[in-house]
Structure formats: C-alpha cells, structure tokens
Novice: 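Dumping the structure here so I can ask a few things about it.
Chain letters run A, B, ... following the sequence lines, proteins first and then strands; every chain starts at 1.
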2 protein chains.
Amino acid sequence: MHSFETTIGRLRSEGFKLTPQRLSVIRYLIGNTSHPTAAVIYKDLKRKYPSLSFSTVYNTLNMLEKIGEVQSLHLFDDFLNYDPGTEAHHHFVCRSCNSIIDIFPRDAENVSLPEGDISGNRIESAQVVFKGMCRNCL
Amino acid sequence: MHSFETTIGRLRSEGFKLTPQRLSVIRYLIGNTSHPTAAVIYKDLKRKYPSLSFSTVYNTLNMLEKIGEVQSLHLFDDFLNYDPGTEAHHHFVCRSCNSIIDIFPRDAENVSLPEGDISGNRIESAQVVFKGMCRNCL
DNA sequence: CTCAAGTCAATAACTATTCTTAATACCGTT
DNA sequence: AACGGTATTAAGAATAGTTATTGACTTGAG
Ligand SMILES: [Mn+2]
Ligand SMILES: [Mn+2]
Ligand SMILES: [Zn+2]
Ligand SMILES: [Zn+2]
C-alpha cells in the first residue's frame with residue numbers, strides 16, 4: 001500500500017468517492033503489518049465508526065485489492081488475511097500462535113526463485129509460505 | 001500417497017475400518033495428478049457407488065489428510081483441492097484455465113529455499129505457489 | 001451369536017463472504 | 001450555498017463449501 005495521499009489520489013483518479021468509511025479502512029491498513037482479517041478490521045473500526053457495516057469493510061477491501069493496494073492471503077482454512085504490503089515478499093506462519101510474519105527478500109537471501117518460465121509455464125508471480133514455529137514460540 | 005497396499009495397511013493399523021467407500025476414494029486418488037476437489041471426486045465415484053454421500057467423501061479425505069496420505073491445497077477462493085502427492089513439491093496455477101501443475105524439485109533446479117531457520121523462526125515446511133500462464137494456454 | 005464401537009447417508013448447521021435493497025451522502029454543477 | 005444524479009452505505013438475507021448431528025446399519029473381537 002502506498003502513502004495515504006498516493007492511495008486516495010488513486011481512488012480519486014479511478015472515479016471512486018472518498019467516503020469516511022473508506023478513508024478509515026485505508027488509514028487502518030497503512031503501516032499495519034499484522035495481516036488483519038476483515039472481521040478484525042471491522043471490530044476495531046466499529047469503535048470509532050459505530051454505524052460501519054461489515055459489507056462496507058468487504059467492499060472496501062475488494063476495491064483496494066482490485067486496484068492493487070492490498071492483497072488477500074489464503075493462509076488458513078476459513079478466512080482471508082489482508083496484507084497492505086505492496087512489494088513482493090513471503091510469509092512465515094507459526095503453527096503454534098498462528099502469527100503471520102513477513103519475510104522480505106533482504107531477510108531471506110537463501111530464497112531463490114526462478115523467473116520467466118518453469119517447465120514451459122510462464123511465471124507471473126511466486127509466493128512462498130513457510131510453516132513452523134516462530135521465534136516467540138520457540 | 002503410498003501404494004494401495006501400504007495405505008490400507010496404515011488404515012488398518014490406525015483402527016479404521018476398510019469400507020468400500022473408503023477404498024474407492026483411495027483407489028481414485030492413487031496416481032491421480034489432477035488435484036481434484038471433493039465435488040469432483042464425489043461426482044466421479046457416484047457413478048460406481050450411487051449411494052455414496054458427500055459427507056463420506058469429506059470424512060474420508062479428512063481422515064486421509066490426518067494420517068498424512070493426502071494434503072489439501074488452498075489455491076482458490078471457494079474450495080479445496082486434494083493432492084495425493086506425498087513428497088514435497090510446489091504448484092503452478094494457471095490464471096487462464098485454472099489448472100494446477102506439480103512442480104517437483106527435480107524440475108525446478110532454480111528453486112532454492114532455506115532450511116532450518118529464517119529470521120529466527122524454525123522452518124518445518126515450505127511451499128511455493130507460482131501463478132501465471134501454463135504452457136497449454138500460451 | 002452378542003454387542004460395543006465404528007461407519008454410513010441424509011440433512012441440518014455453520015461461517016466467511018457476497019448479494020440485495022432502500023436510504024444516504026459525495027461531489028460536480030449551478 | 002444549494003441541487004441532483006448516482007455511487008455508496010447499512011442491514012440483513014443469501015450463498016456455498018465444509019462440518020456436525022442423527023439414527024440406522026455394519027463390522028469384528030470375544
Ligand atoms: Mn505480508
Ligand atoms: Mn501436487
Ligand atoms: Zn508463534
Ligand atoms: Zn492454462
């Protein structure tokens with residue numbers, strides 16, 4: 001996710017209206033590294049915006065995903081986690097505390113992935129999911 | 001997934017009964033590289049076992065996953081794909097035809113992942129999901 | 001054979017997400 | 001500042017894949 005100004009600029013240029021609900025979700029996500037679910041976002045924002053509805057949270061997240069400002073992650077069985085991280089990175093999932101930890105290329109020099117083709121298939125993106133025990137749970 | 005004999009031997013030793021339904025699911029999966037969904041497995045087996053129920057397919061798949069004979073993959077939004085592949089491998093997902101292609105280490109010499117720890121977190125498994133256009137769709 | 005343990009099929013329940021609808025409010029225009 | 005067209009909202013219903021429940025049936029050890 002880009003800066004607040006850049007993001008709302010993109011919304012404006014794409015023809016989306018700047019509603020307080022959307023701005024609150026954007027503010028919530030910028031700089032957030034916790035990979036929150038829609039339910040968590042809703043619960044947290046509900047305190048400040050008591051009239052906020054679940055649908056609006058989902059609508060906003062889907063809109064942000066469509067314009068590439070967030071990505072949804074299928075790391076668990078029953079729900080999605082939302083990630084405002086724009087630069088390509090990987091994830092470590094702790095099987096004990098279920099926390100999701102960003103693994104950026106600079107911290108993962110041992111990770112090397114092919115680019116271009118693999119077995120004749122054209123690669124457009126690649127994501128690594130590590131699973132194990134996080135440093136806190138060890 | 002191991003051989004038919006090995007797999008049913010494991011079921012027996014774990015105390016599970018060998019029912020025709022379970023055996024049919026096992027036979028269906030052995031050697032199957034198509035990553036079928038529960039719905040597809042049900043539809044295909046229903047022809048031979050008209051009384052088969054959806055729950056039995058799910059129950060059997062969950063049992064096989066619990067004893068490590070299959071793994072479920074969360075590659076799409078709305079359903080799981082089941083993979084009888086036991087050895088560690090990766091997947092390529094085509095965004096055009098949605099096919100899931102196995103990427104085995106021997107075919108992916110450019111894929112190199114760390115083992116042991118990463119940023120202090122202990123790695124127990126790692127999976128790569130490539131997305132793009134498969135060789136058929138290109 | 002007996003009977004407890006396990007399994008079956010049918011279907012109800014569950015839950016994260018999406019859809020529907022009437023009311024609201026953003027924002028370009030006046 | 002007020003207007004008005006229309007995108008957006010809130011609330012709740014609907015959806016769909018998966019899981020849980022139920023009561024009848026099957027298995028197999030003793
Ligand atoms: Mn992330
Ligand atoms: Mn596979
Ligand atoms: Zn942990
Ligand atoms: Zn394809």
Novice: Heavy atoms only: give me the nearest Y49(B)-R27(B) pair and the separation to one decimal.
Specialist: OH-NH2, 3.8 Å
Novice: Expressed in angstrom and rounded to an integer, what is the separation of L80(B) atom CG from dT19(D) atom C1'?
Specialist: 12 Å
Novice: Using heavy atoms to find the nearest nucleotide of DNA chain C for S55(B) and Q21(B) separately, return the residue whose nucleotide is more 5′.
Specialist: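 The residue closer to the strand's 5' end, by nearest nucleotide, is Q21(B).
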Novice: Under a 3.5 Å cutoff, is there a donor and acceptor pairing between the side chains of D83(A) and H89(A)?
Specialist: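 Indeed, the side chains of D83(A) and H89(A) share at least one donor-acceptor pair under 3.5 Å.
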Novice: Considering just the side-chain nitrogens and oxygens of S51(A), establish if one lies under 4.0 Å of OP1 or OP2 belonging to dT9(D).
Specialist: no
Novice: Which part of the nucleic acid, if any, lies within reach of P50(B) when heavy atoms closer than 4.0 Å are counted: base, sugar-phosphate only, or nothing?
Specialist: nothing
Novice: Nearest whole angstrom, please: distance from the C1' of dT7(C) to the CD of E14(B).
Specialist: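 Spelled out: CD on E14(B) to C1' on dT7(C) is 17 Å.
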Novice: Under 4.0 Å between a side-chain N or O of T19(A) and OP1 or OP2 of dT8(D)?
Specialist: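 Looking at the OP1 and OP2 atoms of dT8(D), neither is under 4.0 Å from any side-chain N or O of T19(A).
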Novice: Which word best sums up how the rings of H91(B) and H35(B) line up, parallel for under 30°, tilted for 30 to 60°, or perpendicular for over 60°?
Specialist: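 Correct class here is perpendicular.
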Novice: Measure CG/L23(A) against C1'/dC27(C) and give the value in whole Å, please.
Specialist: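 Going from CG in L23(A) over to C1' in dC27(C) covers 14 Å.
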Novice: Across the strands shown, which category fits F16(A) at heavy-atom distances under 4.0 angstrom: base, sugar-phosphate, nothing?
Specialist: sugar-phosphate
Novice: Taking atom P of dG6(C) as reference, at what distance in whole Å does atom CE of M63(B) sit?
Specialist: 14 Å
Novice: Going from CD1 on I41(A) to OH on Y82(A), what distance comes out if it is rounded to the nearest 0.5 angstrom?
Specialist: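 The OH atom of Y82(A) is 7.5 Å from CD1 of I41(A), to the nearest 0.5 Å.
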Novice: Check this one for me: any side-chain N or O of N62(A) less than 4.0 Å away from OP1 or OP2 of dT18(C)?
Specialist: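 It does, given that an N or O in the side chain of N62(A) lies less than 4.0 Å from OP1 or OP2 of dT18(C).
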Novice: Is there a side-chain contact between Y58(B) and the phosphate of dT19(D), meaning an N or O under 4.0 Å from OP1 or OP2?
Specialist: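 Checking dT19(D) against Y58(B), no side-chain N or O comes under 4.0 Å of OP1 or OP2.
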Novice: From CG of L75(A) over to P of dA16(C), roughly how many Å is that when rounded to an integer?
Specialist: 16 Å
Novice: Distance check needed: dT9(D) P versus R22(A) CZ, whole Å only.
Specialist: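 Result: 4 Å.
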Novice: Does E124(A) come within less than 4.0 Å of R122(A), counting only side-chain N to carboxylate O?
Specialist: yes
Novice: Would you kindly give the CZ-to-P distance between F76(A) and dT15(C), to the nearest whole Å?
Specialist: 18 Å
Novice: Could you work out which one of dA9(C), dA11(D), dT17(C) sits closest to the side chain of S53(A)?
Specialist: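 Taking heavy atoms from C-beta onward, the closest nucleotide is dA11(D).
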Novice: Nearest nucleotide by nearest heavy atom, which residue falls closer to the 5' end of DNA chain D, T37(B) or K17(B)?
Specialist: T37(B)
Novice: Grab the CG-P distance between D78(B) and dT18(D) for me, whole Å please.
Specialist: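 The distance from CG of D78(B) to P of dT18(D) comes to 9 Å, rounded to the nearest Å.
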